[in-house]
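Below, each value reflects all heavy atoms present in this structure, side chains not excepted, and no hydrogens, waters or symmetry copies. In each ligand, atom 1 is the first atom listed, and ligand 1 is the first ligand listed.
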Amino acid sequence: MQTTTGIVLAAGQGTRMKSAVPKVMHPICGLPIVHYGVQAALDAGCGEVVVVVGQGRHRVEEYLARAFAGRPVRVAVQEDQRGTGDAARAGLATIGKEALQVLVMNGDVPLVSGEHLRAVMLPLAEAGSPAALAFATCLVGDPTGYGRVLRRSGQVVEIREHRDLRSPEERDVCEINAGIYVSNIALLREALSTLTSDNAQGELYLTDIVAFSSNAGERIAAVALPADVLAGVNDREQLGQVERTMHERIVRKWRLEGATVRDGARVDAGVVLEPDCTIESGVVLRGATRVERDATVDVGCVLTDVAVGAGAVVKPYSVATESSIGPRAQVGPFAHLRAGTRLGEEAHLGNFVETKKTTMGRGAKANHLAYLGDGVIGDGANIGAGTIFCNYDGFQKHTTTIEAGAFIGSDSQLVAPVTVGANAYVATGTTVTTDVPPNALAISRVKQENKEGYASRLRARMKAAKDAKGK
Ligand code: UD1
Ligand code: CA
């Protein structure tokens, strides 16, 4: 197949979205709409992808530079949004002589895959008399709003936009233009140079390249694709529908690969699920989250960029961000792992425990309500209920180090920076302000005193006071 350069049209504001955010930056399953078109063009084998940006361009550019770093993706700017034809011109103007054919696609059809695009490229590679222009079509029940494919004696002669239709017969045409075109570059250049804005929207229509090619006697191929993949996003309702379809696709893929994903779980496009993991309902997996073999993420958990190790169990309603959970570790219910948490193999982090930038070694445990910020916790250490790492002195954050095998009694505070040595023991209710040597006991509490009979005397005094008031 000839080298193809992709042009993704993404300069429009997307007025119908009623948003300050440019349309192509609205996320679908965690990735902005524009991501899918660019990825599909790369998957289809485009040697280079040019994204035409305009409205909110800095946001789009910044995203593309980050998401496609090192890939042949760049932008072209369309200063004024004068229509899809003008956008295609802006893209084409930046393409060098090497390119032989061009794929132009609307940036708002995220369900289209690389395979679909390759199907549209095929007619230009046919032996004998290849097509000079191919475009994707589909049959829809309700063609309202779409450009109609008009044919004469079966041959495509024109795409006419909804608002430019001239008769009820034209309006009844259910074969619509999907906004994906592959053309020989010379033909595209010539066709685009002839566009005029003599139409209902006063815009330069990319779709007019079809009538031009037809009049020039070029062979045009209309490639039918399934209607569900060609759904465009123009408003929030369509955004919702397309996301539903995309999500079904993602879940089906992981189920086929052996993961159990219950209905009602949400799995973003960048997530990876290994065989025999279980994702319960109400779970939200975002970003680059990865759940390894035999791990379970139970009801209602929200994980963003989290690695869950093999056989680990994340119990209901736990929230974790930018963290890793070791193999066979246990988390939750109701645990909060903030960025930079690293739980070792078989570590336990129980209910109402919050961590931040904290590492827990193999088999270390913190089973009940605790705040463990900026901590380094060694293998097998045990952190009692109510423990607080006092990591912030109002100016700076400091580290608490608990060495292997140490035991921190309940309701202790560790005033960082501080270290508790290996196998040391911190007695319940201790405020640790200086380092504890290995194997030592640290205790800082007021000695208990019992006053015999004091409680009864106190009650008698209270009662007398109450009676006096009642008189
Ligand atoms: C377009 C087609 C229509 C087709 C439909 C399929 C035209 C004239 N019409 O209509 O035949 O049925 O897609 O979904 O092409 N854009 C720019 N610059 C502009 C205008 C648009 O970059 O000046 C970009 C938009 O960001 C968008 C894409 O082009 O990603 C399509 O534009 P949109 O306005 O959504 O076209 P439709 O009205 O959907
Ligand atoms: Ca559209």
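- Among the candidates Gln201, Arg171, Arg148, the single residue satisfying the side chain to side chain donor-acceptor pair (under 3.5 Å) test with His162 is Arg148.
- Each of Asp198, Leu195, Thr196, Asp164 was checked for a side chain to side chain contact (heavy atoms under 4.5 Å, CB included) with Tyr205, and the lone residue meeting it is Asp164.
- Using cut-offs of 30° and 60° for the angle between ring planes, the Phe68 and Tyr63 rings count as perpendicular.
- Neither the backbone nor the side chain of Glu203 has a heavy atom within less than 4.0 Å of ligand 1.
- Atom 17 (C) of ligand 1 has its nearest heavy-atom neighbour, among His162, Gln78, Arg160, Gln81, in Gln78.
- Classification of Glu61 and Arg57 as a salt-bridged pair holds, one side-chain N sitting under 4.0 Å from a carboxylate O.
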Practice task
Given side-chain hydrogen bond (donor to acceptor under 3.5 Å, both in side chains), test Thr94 with Arg74 step by step and report yes or no.
Solution key: CA-CA 10 Å; Thr94 69; Arg74 58 182 179 81; 3.1 Å; yes
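- Against a heavy-atom cut-off of under 4.0 Å, Lys23 is close to the following atoms of ligand 1: 35 (O).
- For Glu292, there are no side-chain hydrogen bond (donor to acceptor under 3.5 Å, both in side chains) partners two or more places apart in sequence or in a different chain.
- A salt bridge links Glu345 and Arg362; the closest N-O separation between the charged side-chain nitrogens and carboxylate oxygens is under 4.0 Å.
- Among all non-hydrogen protein atoms, the one lying nearest atom 38 (O) of ligand 1 is Arg16 NH2, 3.8 Å.
- Within the listing of ligand 1, atoms 7 (C), 8 (C), 9 (N), 11 (O), 15 (O) sit less than 4.0 angstrom from a heavy atom of Thr207.
- By heavy-atom distance, the residue among Val52, Asn106, Val51 lying nearest atom 1 (C) of ligand 1 is Asn106.
- At a 4.0 Å heavy-atom cut-off, ligand 1 touches Asn234 through the side chain alone.
- Using a cutoff of 4.0 Å between basic side-chain nitrogens and carboxylate oxygens, Glu158 and Arg160 are scored as salt-bridged.
- Nearest to atom 7 (C) of ligand 1 among the protein's heavy atoms is Thr84 OG1, 3.4 Å.
- Within the protein, the number of N/O/S atoms found under 3.0 Å from the Ca ion (ligand 2) is 2.
- Classification of Arg338 and Glu322 as a salt-bridged pair fails, no side-chain N sitting under 4.0 Å from a carboxylate O.
- Residue-level proximity to ligand 1 for Ala11 is carried by backbone and side chain together, each with a heavy atom below 4.0 angstrom.
- The shell of residues lying under 4.0 angstrom from ligand 1, judged by heavy atoms, excludes Gly232.
- The only member of Lys397, His398, Lys356 that meets side chain to side chain donor-acceptor pair (under 3.5 Å) when paired with Asp374 is Lys356.
- Of the protein's non-hydrogen atoms, Gly12 N, 4.0 Å is the one closest to atom 16 (N) of ligand 1.
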